[in-house]
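Since the structure comes first, as structure tokens, the remarks are kept for the end.
The structure displayed is predicted, hence computed values, not measured ones. Values below: every heavy atom of this structure, side chains too, minus hydrogens, waters and symmetry copies.
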Amino acid sequence: MKRSRQFKRVAVSPKPKKSIPIPTADQIRSSQRLEADANPPQLSLHKLPILPFSFFQIDSLDLAPRLLGKFLKRDEVILQITEVEAYRPNDSACHGRFGITARTAPVFGAGGHAYVYLCYGLHSMLNVVADKEGVGAAVLIRSCAPISGIEIIQQRRGQKTDKPVLLSGPGKVGQALGLSTEWSNHPLFNAGGLEILDGPEPEKILVGPRVGIDYALPEHVNALWRFAIAGTPWISAPKSTLRPP
């Protein structure tokens, strides 16, 4: 799907002039398998650019689908973002509806920072803050696919599997990355710690209503603000509510 899709509402700063080929997730996995056998030249994610601050300074509804296919990197663990949800200002499902509190202050920061909160006091949920400082909007990372550091991911998750259940849910993503609420306000556009790297734009995406927001107003419960890469098994339930846009 092209960048001119219906979700685009604001102009985006042009990409850096330096062009770096973006390998697909399959190419990266294939390269890693070959390296174990013959140690050939490797497709390195370390050469991919970190998304710049300007990338995140847009409406969360525009940012959400653009995050699909990008890579989350923390040390040896690299995940490809496969499913997201947008949360906007004046959205009865957004934490920003409470105003600025000790818990929600990070979501009112400038776009490109992390907002991590605890769900049910157990699960660390990673959100990417969107838009300008003071707006109060973010994108929840719902699901990812593992690219690197699978043994670390399995250890953190307590599951010895490479099936989608490993990362099909926002709490699982936070656990795989070893996150806590202390990561809130962390700049995702700087090298070190947790970063978001550029990645391939998916050819097709799916959209649907967000999950677990029955407390919100009907127009927000039914809004198609959940986005996923079409054709990947690395998405969370319910899958039946996702459709082509």
Please answer: with hydrophobic residues joined when any side-chain heavy atoms are less than 4.5 Å apart, are Leu177 and Leu68 in the same cluster? yes

Hey, mind stepping through Phe53 and Phe55 against ring pair (Phe, Tyr, Trp, His ring centres under 6.0 Å) and telling me if it holds? CA-CA 5 Å; Phe53 177 76; Phe55 181 89; over 10 Å; no

List the residues meeting side-chain contact (heavy atoms from CB on, under 4.5 Å) with Arg97, not counting sequence neighbours, and say none if there are none. His95, Tyr215

Any non-hydrogen side-chain atom of Lys172 less than 4.5 Å from a side-chain atom of Leu166? no

Using the side chain to side chain contact (heavy atoms under 4.5 Å, CB included) rule, pick out the option among Val84, Ile196, Asn127, Thr82 that qualifies with Ile141. Val84

Count the heavy atoms belonging to other residues, nucleotides or ligands that lie under 6.0 Å from CD of Glu219, then report whether that count exceeds 12. yes

Side-chain heavy atoms under 4.5 angstrom apart, residues restricted to Ile, Leu, Val, Met, Phe, Trp, Tyr: same cluster for Val207 and Leu140? no

Is it the case that Arg210 places NZ or CZ above or below the six-membered ring of Tyr87, under 6.0 angstrom from the centre and within 45 degrees of the axis? yes

Could you check if a side-chain atom of Leu197 sits within less than 4.5 angstrom of a side-chain atom of Leu51, using non-hydrogen atoms only? no

Answer whether the closest heavy-atom distance between the side chains of Leu167 and Trp234 falls below 4.5 Å. yes

Gln175 and Arg156: side-chain donor and acceptor closer than 3.5 Å? no

Please check this pair: side chain of Thr181 against backbone of Ser124, looking for a donor-acceptor N/O pair closer than 3.5 Å. no

Spell out, yes or no, whether Ile152 and Leu72 are grouped together once hydrophobic residues are joined by side-chain heavy atoms under 4.5 Å, including indirect joins. yes

Residues Gly199 and Lys70: closest non-hydrogen pair is O-NZ, 3.1 Å

Backbone N/O of His113 and side chain of His186: donor-acceptor pair under 3.5 Å: no

For the residue pair Arg88 and Cys94, establish whether any side-chain heavy-atom pair is separated by less than 4.5 Å. no

Output yes when a side-chain donor or acceptor of Arg74 lies under 3.5 Å from a complementary backbone atom of Glu195, and no otherwise. no

Determine, step by step, whether Ser184 and Tyr115 satisfy the side chain to side chain contact (heavy atoms under 4.5 Å, CB included) criterion, reporting the C-alpha distance in whole Å, the side-chain angles of both residues, the deciding distance to 0.1 Å, and the verdict. CA-CA 4 Å; Ser184 278; Tyr115 168 47; 4.0 Å; yes

How close do Val129 and Val107 get, heavy atom to heavy atom, and via which atoms? CG1-O, 3.7 Å

Asp75 side-chain N/O to Val77 backbone N/O, donor-acceptor pair under 3.5 Å: no

Within the structure provided, determine whether Ile147 and Phe71 are in side-chain contact (heavy-atom separation under 4.5 Å). yes

Keeping Thr232 on the side-chain end and Ile229 on the backbone end, is there a donor-acceptor pair under 3.5 Å? no

hydrophobic_cluster_shared for Trp225 and Ile213, side chain cutoff 4.5 Å: no

Under 3.5 Å, side chain of Glu85 to main-chain N/O of Arg142, donor-acceptor pair present? no

In terms of heavy-atom contacts, Cys144 and Ile81 come closest through SG-CA, 3.9 Å

I want to check something: taking the side chain as every heavy atom from C-beta on, are Leu79 and Val173 in contact at a cut-off of under 4.5 Å? yes

How close do Ser143 and Ser236 get, heavy atom to heavy atom, and via which atoms? OG-N, 3.3 Å

Taking the side chain as everything from C-beta on, heavy atoms only, tell me whether Val211 gets closer than 4.5 Å to Pro238. yes

Identify the two heavy atoms, one from Leu242 and one from Ala228, that lie closest to each other, and give their separation to 0.1 Å. CD1-CB, 4.1 Å

According to a hydrophobic-cluster definition based on side-chain heavy atoms being under 4.5 Å apart (Ile, Leu, Val, Met, Phe, Trp, Tyr only), do Trp183 and Tyr117 belong together? no

